[in-house]
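Structure first, commentary second.
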Amino acid sequence: MNLLNGKTAIVTGAGSGMGKATAQLFAKQGANVIFADLHLDAAKEAANSTNLETVIAIQADVTSDGAVANLVNQTLEAYDRLDIVINCAGVPQSFTSIEELTLEQWDLIMNVNTKSIFLTSKYAVPIMKKQKGGSIVNIASIAGIRARPGLNAYCASKGAALMLTKALAIELAPFKIRVNAINPGPADTPMIGKFLVGDAAQKEEGMKKIFQDSVPLGTLIQPEDIAQGALYLASDLAKIVTGEVLNIDGGRGI
Ligand SMILES: NC(=O)c1ccc[n+]([C@@H]2O[C@H](COP(=O)([O-])OP(=O)(O)OC[C@H]3O[C@@H](n4cnc5c(N)ncnc54)[C@H](O)[C@@H]3O)[C@@H](O)[C@H]2O)c1
């Protein structure tokens with residue numbers, strides 16, 4: 001079944017983890033896919049491994065107004081339309097008390113995890129309005145609804161991403177542009193090691209176990225689990241769903 005035939009999708013953070021799995025699944029499901037990432041080599045490798053000619057890798061810093069404008073322009077030049085944006089690029093926070101958190105750390109986390117959604121929407125929405133429809137999916141986090149000590153900026157950035165999702169959903173509903181979010185729980189991607197500091201971070205298996213034990217279903221979330229949820233929300237299967245938040249977290253958010 002090709003759920004995304006005829007669609008064009010931008011996936012940010014497509015060089016690694018959930019973004020990579022999502023972009024690859026979308027390409028298999030018939031979409032033209034732009035693999036966007038800060039790291040071009042990683043995006044290219046992820047795109048090339050699909051062995052499909054309907055994919056392009058583009059270097060883009062999602063915190064930069066000019067880079068995001070360029071990303072959307074290049075998408076239009078290549079495929080002449082834009083139906084789906086998956087905001088998956090993100091940065092973690094290693095446990096830091098509020099008095100030790102620097103302004104630079106705060107700004108980076110807020111810019112990559114939240115401002116990026118503003119920027120991609122700013123440039124994608126005018127095209128979606130002209131096309132009379134579209135779907136935006138923001139990859140937030142269970143940390144956006146369930147605070148943990150030392151993750152102050154990260155939790156704030158994801159909480160803001162969730163409220164921005166709802167604000168855009170209500171603003172854009174008259175234009176048939178749907179905006180939804182996914183809250184992943186602890187996932188088996190390169191990011192997970194970066195949430196901890198000290199000895200635990202050195203011992204990857206021990207660290208994975210700590211997170212695994214925090215998931216009621218007893219396993220880490222796989223990038224493909226997130227990709228499947230993003231496919232549902234981006235496709236016409238969810239044509240009447242907007243402003244929703246799907247926890248894909250093994251019960252972590254309960
Ligand atoms: N891994 C987890 O446990 C977990 C849990 C909940 C939510 N999340 C969220 O899921 C999303 C994906 O995380 P992941 O685990 O796949 O991480 P990852 O580190 O594997 O991938 C993140 C990607 O984002 C890219 N990126 C970072 N800054 C960027 C920028 N300024 N511009 C463009 N690209 C940039 C990186 O290069 C990388 O390829 C993130 O938003 C993350 O916050 C992750």
Side-chain angles (χ1 to χ4, degrees), residues 10-25 34-47 57-71 85-94 104-105 107-120 137-148 151 153-162 164-165 181-196 201 204 207-208 210-212 214-215 219-227 229-230 245-250 252-253:
I10 291 176
V11 181
T12 72
S16 177
M18 301 172 196
K20 178 177 169 179
T22 301
Q24 291 175 332
L25 178 64
I34 285 72
F35 286 61
D37 204 285
L38 192 57
H39 300 111
L40 183 59
D41 287 351
K44 273 188 181 161
E45 198 183 318
I58 296 180
Q59 199 272 340
D61 178 351
V62 293
T63 69
S64 154
D65 184 281
V68 174
N70 180 51
L71 172 65
V85 174
I86 309 295
N87 286 301
C88 198
V91 287
Q93 175 180 6
S94 53
E104 289 70 26
Q105 288 169 321
D107 284 344
L108 178 71
I109 291 167
M110 295 303 288
N111 287 344
V112 182
N113 295 356
T114 314
K115 186 167 86 174
S116 58
I117 299 173
F118 155 58
L119 287 175
T120 57
V137 180
N138 300 321
I139 308 303
S141 172
I142 208 67
I145 55 170
R146 194 169 185 270
R148 308 306 306 150
L151 289 187
Y154 188 78
C155 290
S157 73
K158 295 301 188 177
L162 291 174
L164 182 54
T165 299
I182 292 175
N183 283 339
D188 195 3
T189 74
M191 183 179 285
I192 200 163
K194 300 172 191 157
F195 281 104
L196 295 179
E204 197 176 324
M207 180 261 315
K208 279 190 182 175
I210 293 169
F211 280 110
Q212 193 170 312
S214 76
V215 176
T219 54
L220 290 175
I221 286 74
Q222 295 302 313
E224 293 72 21
D225 298 323
I226 305 304
V245 181
L246 179 58
N247 291 351
I248 302 182
D249 68 340
R252 168 88 169 140

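Numbering of ligands and ligand atoms starts at 1, following listing order. Values reported hereafter were calculated over all heavy atoms of this structure, with side chains retained and with hydrogens, waters and symmetry mates removed.
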Quick note on ligand 1: atoms under 4.0 Å from a heavy atom of Asp61 include exactly 30 (C), 31 (N), 32 (N)
Could you tell me if any non-hydrogen atom of Phe211 lies under 4.0 Å from any atom of ligand 1?
no
re atom 5 (C) of ligand 1, the protein heavy-atom contact at minimum distance is Gly185 O, 3.4 Å
For this session: Before signing off on this row, confirm whether Tyr154 and ligand 1 have an N or O atom pair separated by under 3.5 Å.
Result: yes
One finds that the ligand 1 atoms under 4.0 Å from a non-hydrogen atom of Ala187 are 1 (N), 2 (C), 3 (O)
Under 4.0 Å from one or more heavy atoms of Ala60, ligand 1 contributes atoms 32 (N), 33 (C)
Ligand 1 to Ser141, heavy atom cutoff 4.0 Å, flagged ligand atoms 6 (C), 7 (C)
Among Ala140, Ala161, Ala89, closest by heavy atom to atom 7 (C) of ligand 1 is Ala140
Exercise. If you measure every N/O of Ile142 against every N/O of ligand 1, is any gap under 3.5 Å?
Worked result: no
**Prompt:** Is there a nitrogen or oxygen of Val91 sitting under 3.5 Å from a nitrogen or oxygen of ligand 1?
**Reply:** no
The option among Leu108, Asp37, Val68 carrying the non-hydrogen atom nearest to atom 38 (C) of ligand 1 is Asp37
Atom 44 (C) of ligand 1 sits nearest the protein heavy atom Met18 CE, 3.4 Å
Under 4.0 Å between heavy atoms, the region of Lys20 that gets near ligand 1 turns out to be neither
Contact region, Pro223 to ligand 1, non-hydrogen atoms below 4.0 Å, reads neither
Kindly check if the number of other-residue, nucleotide or ligand heavy atoms within 6.0 Å of CD (Gln212) is above 12? yes
Please determine if Thr63 has a nitrogen or oxygen closer than 3.5 Å to a nitrogen or oxygen of ligand 1. no
The closest protein heavy-atom partner of atom 22 (C) of ligand 1 is Gly90 O, 3.9 Å
For Gly17, the atoms of ligand 1 under 4.0 Å from one of its heavy atoms are 16 (O), 20 (O)
Quick look: Ile139 vs ligand 1, heavy-atom contacts under 4.0 Å, and the answer is both
Quick one: does Ala21 get within less than 4.0 Å of ligand 1, heavy atoms only? no
Short N or O distance, His39 and ligand 1, threshold 3.5 Å exclusive: yes
Taking every heavy atom of Thr189 against every heavy atom of Pro223, the minimum-distance pair comes out as CG2-CG, 4.0 Å
Problem - Ala67 to ligand 1, any heavy atom closer than 4.0 Å - result: no
Counting from 1 in the order shown, the ligand 1 atoms closer than 4.0 Å to a non-hydrogen atom of Pro186 are 3 (O)
Residue-ligand contact Pro190/ligand 1, heavy atom below 4.0 Å: yes
Quick look: Val62 vs ligand 1, heavy-atom contacts under 4.0 Å, and the answer is both
query: Less than 3.5 Å between some nitrogen or oxygen of Ser16 and one of ligand 1, yes or no?
result: yes
Heavy-atom nearest pair, Thr12 first then Cys88, reads OG1-N, 2.9 Å
